[in-house]
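In what follows, chains carry the letters A, B, and so on, assigned in the order in which the sequence lines appear, proteins first and then strands, with residues in each chain numbered from 1.
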Amino acid sequence: MTADAPMKDMKEIVALCKRRGFIFPASDIYGGINGFWDYGPLGVELKNNLRDLWWKWMVTCPPIGPDGQPVEIVGVDSAIIQNPKAWEASGHVGGFSDPMVDCRETKLRYRADHLIAYLPSTFDPKDDSNLIPVFMQGTPDDEIEKKFKKIGFHFAISQCETVPFVELEKYGYVEDYGLLLLRKDSSAKHKILKERTVGPDTKTVGTLTEPKQFNLMFHTFIGATGGDENKAYLRPETAQGIFLNFKNVLDSTRVRVPFGIAQIGKAFRTEVNPRNFIFRSREFEQMEMEWFCHPDEAKLWRDFWFAERQKFWRAIGLRSDNLRMRDHDQDELSHYAKAGLGTADIEYRFPFTAPDFGELEGIAHRCDFDLTQHQKHSGVKLEYMDPVTQEKFMPHVIEPAAGLTRGVLAMITEAYTPDPSRPSGVYLDLHPALAPKKAAILPLTAKDQHPVIATKLYMELRGEFAVDLDIKQNIGKRYARQDEIGTPYCFTIDDQTVADQTVTVRERNTMKQERIAIANVAEYLRKNIRAV
RNA sequence: GCGGGUGUAGCUUAGUGGUAAAGCUCCAGCCUUCCAAGCUGGCUAUGUGGGUUCGAUUCCCAUCACCCGCUCCA
C-alpha cells in the first residue's frame, strides 16, 4: 500500500467476506467459536484456486532448478492423526510451548524461561524476611540494585546466586552446607520459595503464579472409550506427515535426491489468543514442501526456493510493496533451524499488522533434524544412499511452508480496492485465475431476445468456466455485485447482439467496455484468465 | 490469559420497563437499451443463559463472540 492509497479497513473487509459468502464465523448461529472460520461458496472457490495454483507450481509443473534441470516434486496426503510417537520424535510433545508466569498484581505475563531469581548465599527459607527478587533476563545491574533497595533486600548482586525461575523448585536449603544446592526432592520447601518471590514489576511478595504450560497440540482420543492410553494428537503441521513417508516415497517411486515432497492440508494449533480474522486461527490450512538435498547443496537450494516462492506470490497478485522477505533473527529461530542456514519469511503487510508485516510463508533450513529424529525414535533407517556416488548420508531439508488460509486473506486484502466513483464503492482486484467467478453473463434487459441469447451463451460457457447468469434487476446493480466479488469480466447482451451477434465485455478494474463477437467469448475468457 | 470497548434485520442506524421503527441490501413482480434509478409487495433482528418484575430489548449477573491495547505466535 502506498502512502496515498485509501486505507483498507479490516472491518469492511470482514463484512464484505460475510456479506458475499467468502468467509463466515464458524458455528455462526450458535454465536461463533473463537479461532474457527468457515469458508462460504465464494471463499471455498478462492481457496481452492489458490491451493490448485500452488500445487501446479510445485508438483504438477515445478520449475527448472538452478542447475538447469527440471526439479522433481511429488505429493502426499497424509493422515491428520498419526502415531503419537511421531510427535514425540518431532519434538512437538516435549517442549514447544513456553511456560508462562503471570503477575497477579500487575497482570503482566512473562515467559518463565526468561525470569531469573536472585538467591542470597545466606538465604534462610525459615526466615520470613528473606525475599527472592525476580527479574527479566537482561535487566541492567543498576536497575536490579535499585530494586533491591526499594524492596528492602539487603544484598549485593555479587552475593547472590542467579537461578532460572523455572528451576527454583529444584532448589532447597541444606543446613549442613549453609548453601543452596540442587536437590531432587525438595517438595517440602519449594512452595515456600515461590511465596517469597517478588516479581519484576511489583514490590509485593508472592504475586507470581506457577508457570503455566500451554500445549501446542489439540488432543483427541482414538476409539470410543477415551482414556489416556488412547490419546492422540491432531497435527500441528503437515510437514511431519511428509517425513513419516520419506522412506515410503523413496521405495515406491523413482525419485532421487534432490527432490521434494509436497502436501496441502489442515493443521491445528491451540493458539493462546486467536486474533485478526483468519490470520491466526486454531484450525488452518498449510501448503508445505520438504525439499531433500545433499547437505553440501543446502545453501544453493535455500536460495533457489527463497526466490522461487517470492515469484509465486507476486505472480498471483501480491505485487505491491506490501510483500517482503525477512530473515529471522537468531533468537527467533526454531529448534531445528538454529544449526542451519536460518529461516526467512515471506511477509505481507496486512491492515491489522501495518506498518508491520505478518508471516505468509516461512522458508526454513531444517537440516537433518526431522529425519534423524524419526530414525532414532522409530528405529527405521532413513539415510539415503546415492546410487551414483555410493555415498550414504542423511538428506538436509529446505522447507517452504506457506499458509493457505493466510494466503487467502492476503489475496482478499490486496484485492480489496475502495473506489468511491463506482456504485459498489469497492471492487476486488483478484487475479482472474483466483477469482471465484470468471465472468457474468448479463442480458441488458429481461425481455425480448436478451435472456434467450444470454442463457444460450451461459449454457455454452458453464461447461468450461465458473460463470454466473444474472437476469434480474437493472444492469448497474448487477455490475456492482460482480465488482464486489471480483469477477473480472461481464458479457452483456443487448439489441445490437440480436442484430450482429456481438456482446459487450466489461472489464472489472477499468469499467471499460468493448464489443466482441459472441462466438469469440469462450476464447476471450480462455486467453484472459490463463493461469499464471 | 489480562485490561478496555461493542453486541437491535445481511448492512447502517432509531427507540422503549408494556405489540420493536426506518433506509439500504436481498427476494417477487412491473418498468428499464449499460453502471446499485423508479413503482408495488415480501422475508429478516434485540448474541446466549439466568435473575428482578405482572411484564425485560431496556435494569442486574453470568457467559459467548467480535474490536482495540498488552501478552503470545515451535
Suppose we define a pair by two distances each less than 3.5 Å, Watson-Crick or G-U wobble; what does [N] pair with here?
N	value
G41(B)	C27(B)
A36(B)	none
U63(B)	G47(B)
G55(B)	none
U12(B)	A22(B)
G3(B)	C68(B)

Check [X] against [Y] and note the closest heavy-atom contact, atom names and distance.
X	Y	answer
T238(A)	Q286(A)	N-OE1, 2.8 Å
Q240(A)	S90(A)	CD-CB, 3.5 Å
R478(A)	Q473(A)	NE-O, 2.9 Å

> 5'-most contact on RNA chain B: I29(A) or E271(A), nearest heavy atom basis?
Replying inline: I29(A)

Could you tell me how far apart [X] ([atom1]) and [N] ([atom2]) are, to the nearest whole angstrom?
X	N	atom1	atom2	value
L442(A)	C34(B)	CG	C1'	10 Å
I471(A)	C30(B)	CD1	P	13 Å
D28(A)	G7(B)	CG	P	18 Å
D470(A)	A36(B)	CG	C1'	12 Å

>> Can you pull out every side-chain hydrogen bond (donor to acceptor under 3.5 Å, both in side chains) where at least one residue sits in residues 24-41 of chain A? Sequence neighbours excluded, please.
In response: K18(A)-D28(A)

>> Any side-chain N or O of K18(A) below 4.0 angstrom from OP1/OP2 of G10(B)?
In response: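 No, outside the criterion.
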
> Listed by chain and number, what are the ring-ring contact (aromatic ring centres under 6.0 Å, His included) partners of H377(A), not counting sequence neighbours?
Replying inline: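 Applying ring-ring contact (aromatic ring centres under 6.0 Å, His included) to H377(A) gives none.
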
Holding to salt bridge (Lys or Arg N to Asp or Glu O under 4.0 Å), I want the full list of residues that pass it with [X], two or more places apart in sequence or in another chain.
X	answer
E514(A)	none
K231(A)	none
R309(A)	E361(A)

> Can you give one letter per nucleotide of nucleotides 23-28 of chain B, going 5' to 3': B for a protein heavy atom under 4.0 Å from the base, S for sugar-phosphate only, - for none?
Replying inline: --SSSS

> In B/S/- notation, 5' to 3', how is nucleotides 61-69 of chain B contacted by protein heavy atoms closer than 4.0 Å?
Replying inline: ---SSSSBB

> Do we get R324(A) above F357(A)'s six-membered ring, with its NZ or CZ under 6.0 Å from the centre and within 45° of the axis?
Replying inline: yes

> Taking the six-membered ring of F279(A) as reference, does the NZ or CZ atom of R406(A) fall below 6.0 Å from its centre and within a 45° cone about the axis?
Replying inline: yes

> Closest to the R515(A) side chain: C34(B), U32(B), A36(B)?
Replying inline: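 Out of C34(B), U32(B), A36(B), the nucleotide with an atom closest to R515(A)'s side chain is C34(B).
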
Give me the distances for all protein-to-nucleotides 38-41 of chain B N/O pairs that come in under 3.5 Å?
none

> Quick one: side chain to side chain contact (heavy atoms under 4.5 Å, CB included) partners of R422(A), sequence neighbours excluded?
Replying inline: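 Partners of R422(A) by the side chain to side chain contact (heavy atoms under 4.5 Å, CB included) criterion, ordered by chain and then number, come out as D419(A), S424(A), Y427(A), D483(A), R506(A), M511(A).
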
> Got a sec, which residues hit side chain to side chain contact (heavy atoms under 4.5 Å, CB included) with K437(A), two or more places apart in sequence or on another chain?
Replying inline: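 Expected list: L42(A), D468(A), I485(A), T487(A).
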
> Using a heavy-atom distance cut-off of less than 4.0 Å, which residues of residues 500-512 of chain A contact RNA chain B?
Replying inline: T504(A), R506(A), M511(A)

>> Please enumerate all residues that pass side chain to side chain donor-acceptor pair (under 3.5 Å) together with K477(A), with sequence neighbours excluded.
In response: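 Side chain to side chain donor-acceptor pair (under 3.5 Å) list for K477(A), sorted by chain: empty.
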
> For atom CE of M325(A), is the number of surrounding heavy atoms from other residues, nucleotides or ligands below 6.0 Å larger than 12?
Replying inline: yes

> Just checking Q482(A): base, sugar-phosphate only, or nothing, at a heavy-atom cut-off of under 4.0 Å?
Replying inline: nothing

